[in-house]
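Comments concern the structure below.
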Amino acid sequence: MKQADPWLSSLESEAVEIVREGVAAAARPVMLYSAGKDSSVLLHLARKAFWPAPPPMPLLHVDTGWKFRDMIALRDRVAAEAGVELVVHTNREGLRAGITPFTHDSERYTEVMKTVALRQALDAGRHDAVFVGARRDEEKSRAKERVFSVRDRSHRWDPRAQRPELWNVYNTRLRAGESLRVSPLSNWTEADVWRYVAAERIPVAPLYLAAERPVVNRGGRWIMVDDERMPLRPGEAPQLRRVRFRTLGCYPLTAAVESDAETIDGVVAETLAAGRSEREGRLIDHDGEASMERKKREGYF
Amino acid sequence: MAPELRFVLCGSVDDGKSTLIGRILSDCGQVFSDQMERVEEDSRRYGTRGGAADLALLVDGLRDEREQGITIDVAYRAFETPRRRFIAADAPGHEQYTRNMATGASTADLAVVLVDARKGILPQTARHTRIASMFGVRDVVLAVNKMDAAGWNREAFEAIVGAYRRLTDDAGLPEALAIPVSALSGDNVTRRSEAAPWYAGPTLLSHLETVDIRPTEADRPFRMPVQYVNRPGPDFRGYCGRVAAGAVSPGDRVLVMPSGVETRVESIVAWRGERERAERGDSVTLTLAPGVDVSRGDVVCDAENPLEVADRFRARILWMGDEPMGAGRRCLLKMHSREVGATVTRIRHGVDVSDGSARAAARLERNDLAVVDLATDRPVPFAPFDRCRGLGGFILIDRATGATVGAGTISFAPARAANLEWQEFDVTRDVRAELKRQRARCLWLTGLPASGKTTIANLLERRLVAAGRHTYVLDGDNVRHGLNRDLGFTATDRFENIRRVAEVARLMVDAGLIAIVSFISPFRSERRFARGLFEPGDFSEIFVDAPVEVCARRDPKGLYAKAARGEIRNFTGVDSPYELPARPDLRLDTEALSAEECVDLVMERLG
């Protein structure tokens with residue numbers, strides 16, 4: 001079936017073209033999969049691109065050990081249904097060193113459990129093309145990144161040396177040790193993702209929909225108490241609020257918003273009317289000015 | 001009308017592109033309040049508005065950009081209004097970032113060209129207009145910006161509009177709609193300006209919301225490049241690609257190019273089902289009647305309207321490499337999904353960016369536009385770019401680094417290309433030198449006997465070879481024993497000796513080599529003669545300088561001693577003069593510098 005919405009149809013065709021081009025050019029492609037909404041859309045597009053075959057690449061989940069339980073359940077179910085191999089990687093040294101979002105600041109935690117962990121997993125798999133669900137509307141340094149973005153052998157991005165990228169003619173050549181980050185959703189917005197989730201009935205974690213959940217208010221942000229590992233501060237008591245998440249990262253580092261959107265259509269409507277960006281819910285984006293650009297220069301995806 | 005519009009903002013630096021897109025986003029309610037808070041924070045730090053919100057900081061997303069207050073790379077912003085969805089590319093204005101501007105233009109249907117009302121059309125305005133047209137932009141809006149600072153002066157506006165019309169005319173673009181705007185205040189950007197009652201046209205945003213640009217490919221015969229062959233098992237073989245032109249349905253007769261084999265479309269496979277039709281822009285999987293061999297890089301096309309196939313092309317290119325390029329340059333050419341080896345066989349002429357006129361060009365520097373001839377080592381199915389963007393636009397990739405060093409558009413394939421004739425391929429000095437990835441030249445070392453020429457020449461050659469260059473040293477030893485065996489040491493013979501060596505060096509340069517000549521060559525007339533054999537710039541006179549007393553003291557072969565005893569006649573420096581070079585290209589002071597340091601100096605000059 002073709003998309004009824006011509007704009008979604010055009011975004012879908014563009015993304016499918018990008019996925020196929022990346023897979024055709026790569027020796028060892030991999031798709032980063034976090035069970036978030038963007039990952040879910042990306043996986044769905046890859047399934048469409050190679051139908052009736054399953055996507056010819058494994059999924060890689062960098063598990064910090066602090067993901068929402070809901071997401072882990074969805075991850076395992078969806079990977080099995082898509083018929084693809086799921087590789088889960090955790091930075092064991094980081095675990096042994098006892099690095100958690102509660103004991104270390106978010107910057108250090110992200111560096112060890114996400115950035116270093118990702119580098120470990122990519123090096124171990126010798127992956128030359130890494131598909132990610134990044135969108136240009138998420139953050140302004142992402143707005144500058146190419147669809148096929150070259151990383152050096154240490155996975156670093158050099159924003160001053162980006163290759164020109166003309167039309168849909170993507171340069172996939174690499175030198176030894178270099179790799180590509182491929183972003184098929186580059187031109188999608190948050191609203192496009194939700195419209196597509198609705199149109200295609202893509203399963204997403206229930207956390208994206210409003211429900212009563214136990215939360216505490218920290219610095220004006222609603223943090224969900226997802227399991228008993230969350231240490232409560234003196235005088236802090238979880239309260240039940242109708243909340244949902246616009247973005248899902250590690251649970252102690254991702255804030256919920258108060259919402260009544262219980263359906264995907266409700267989420268679309270709220271997204272279009274939103275006054276604040278989804279990344280605001282990501283605590284790690286606030287670690288100083290230009291933090292995302294810096295993380296990417298260091299090898300964050 | 002298409003539900004979306006992709007446009008690029010271009011124009012010279014400081015004409016207000018980032019501010020304009022920031023204004024549109026902000027007025028359309030597309031800026032989240034936390035993003036605006038960040039902009040306000042950044043404005044206090046880097047802003048140019050005395051602490052007031054600098055909207056350009058919404059899109060200048062790189063740290064270097066905010067610190068330097070310029071746009072380095074293209075930023076993409078998707079946004080929507082109730083009437084349309086947009087993807088805007090905010091392109092950098094500096095000439096050095098032209099390749100990033102071309103990146104932004106290549107996916108745009110329309111260009112909004114900004115001009116500062118007080119400065120008028122600048123060279124970058126012309127460059128961007130020409131590049132936008134070359135890379136496929138179909139329509140242009142001229143936004144004359146900073147009208148508030150120009151007192152909303154109608155004459156100034158109309159003078160710019162008139163000058164710009166000449167530009168669109170010779171760039172092959174339709175006449176641009178011109179709008180007087182202020183990106184800073186939003187006048188005529190998102191709301192009508194009361195300051196310019198003489199302007200009756202639409203605001204920029206309402207024009208963008210309603211302009212109708214239909215890709216011409218939709219009405220052309222069916223073409224689909226094959227990106228990927230999907231073969232999960234023996235029972236299924238699907239050909240994946242995005243339809244570049246026309247439409248296709250099951251049962252259609254098609255050709256597979258370049259082989260030209262005819263077959264039939266069996267089905268259009270879609271997610272959990274099949275489709276009855278696919279059209280331009282759709283990514284699909286086709287299955288074909290059995291028995292055909294199709295690979296990535298082939299193109300499936302309408303059987304009634306076969307696609308052209310060629311291995312030689314006339315094309316327009318924008319050179320983007322950091323290193324200059326000359327005829328003979330080998331690289332990879334990627335067009336749709338086909339990657340082939342290619343050679344630029346001839347630079348026909350450069351294109352002047354300001355007026356589009358042809359000018360002679362032996363080499364292309366970064367950001368130069370030119371018309372060139374290309375030869376590919378395998379045939380490529382193609383269509384002229386102006387008929388089909390997806391089958392006529394290509395990039396050039398450096399084999400060693402993988403960098404994208406050029407981008408171009410096919411104009412046509414010369415008629416004789418089809419039958420693989422190579423006679424027209426002009427094997428010139430530049431072609432031979434480019435094959436060796438070097439610039440051919442003659443380095444002529446002159447100086448007294450024992451001044452150090454041979455030592456320096458040999459060391460220099462070792463260094464050049466280590467750097468991957470192709471060289472040859474001509475000196476007395478290897479010439480006197482063969483080529484010039486018949487010559488003695490009379491004045492006539494000594495000149496003939498130099499003449500032959502100079503001619504041989506010239507042949508070597510013609511063969512694409514770096515010829516190092518190590519000869520005393522004591523007379524200015526001889527050196528002038530040698531220089532005259534070469535193209536300007538190909539000959540470097542390098543004076544290996546040491547006072548005669550020093551040379552006589554070194555005297556490794558005992559020749560000065562012999563000459564002093566009268567055993568050798570006509571010995572330069574003793575009983576025959578050495579005419580000092582008046583203006584050598586390089587002087588090496590061998591008293592002060594070691595041989596290694598002298599070679600460093602030569603290498604530095606060679607770059």
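Here is how names work: the chains are called A, B, and so on, in the same order as the sequence lines, proteins then strands, and each is numbered from 1.
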**Q.** Distance (rounded to the nearest 0.5 Å) between B/R99 CZ and A/E165 CD
**A.** 13.0 Å
Q. Which answer fits B/V269, side chain, backbone, both or neither, if we ask what part of it has an atom under 4.5 Å from a heavy atom of chain A?
A. side chain
(Q) Just so I understand: if I count every heavy-atom pair under 4.5 Å between each of B/D398, B/T401, B/T107, B/V405 and chain A, which residue has the most? (A) B/T401
Q.
Less than 4.5 Å to any heavy atom of chain A: does that hold for the side chain of B/A78, its backbone, both, or neither?
A. both
Q | Salt-bridge criterion met for A/R173 and B/E339 (N-O under 4.0 Å) | A | yes
(Q) Which atoms of B/F394 are under 4.5 Å from chain A, going by heavy atoms: the side chain, the backbone, both sets, or neither? (A) backbone
**Q.** Residue A/L166 versus chain B: region with a heavy atom under 4.5 Å
**A.** both
**Q.** From A/S10 atom OG to B/I87 atom CD1, the distance as rounded to the nearest 0.5 Å
**A.** 7.5 Å
**Q.** Side chain, backbone, both or neither of B/E276 within contact of chain A (heavy atoms, under 4.5 Å)
**A.** neither
Q. Strictly under 6.0 Å, is that where the ring centroids of B/F385 and A/W167 end up?
A. yes
Q.
Salt bridge check, B/R296 against A/E21: does any charged N sit closer than 4.0 Å to a carboxylate O?
A. yes
Q) chain A heavy atoms under 4.5 Å from B/N230: which part of the residue, side chain, backbone, both or neither? A) side chain
Q. Should A/D192 and B/R85 count as an ion pair when the cut-off is N to O under 4.0 Å?
A. yes
Q | Options B/R231, B/M335, B/K334, ranked by heavy-atom pairs under 4.5 Å with chain A, top entry | A | B/K334
Q) Hey, what do you get for CZ (A/R146) to OG1 (B/T103), rounding to the nearest 0.5 Å? A) 4.5 Å
(Q) Does any backbone or side-chain atom of B/F236 lie under 4.5 Å from a heavy atom of chain A? Answer side chain, backbone, both or neither. (A) side chain
Q) Under a 4.5 Å heavy-atom cut-off, does chain A meet the side chain of B/A89, its backbone, both or neither? A) neither
Q) Think A/R20 forms a cation-pi with B/Y228, using NZ or CZ under 6.0 Å from the six-ring centre and within 45 degrees of its axis? A) no
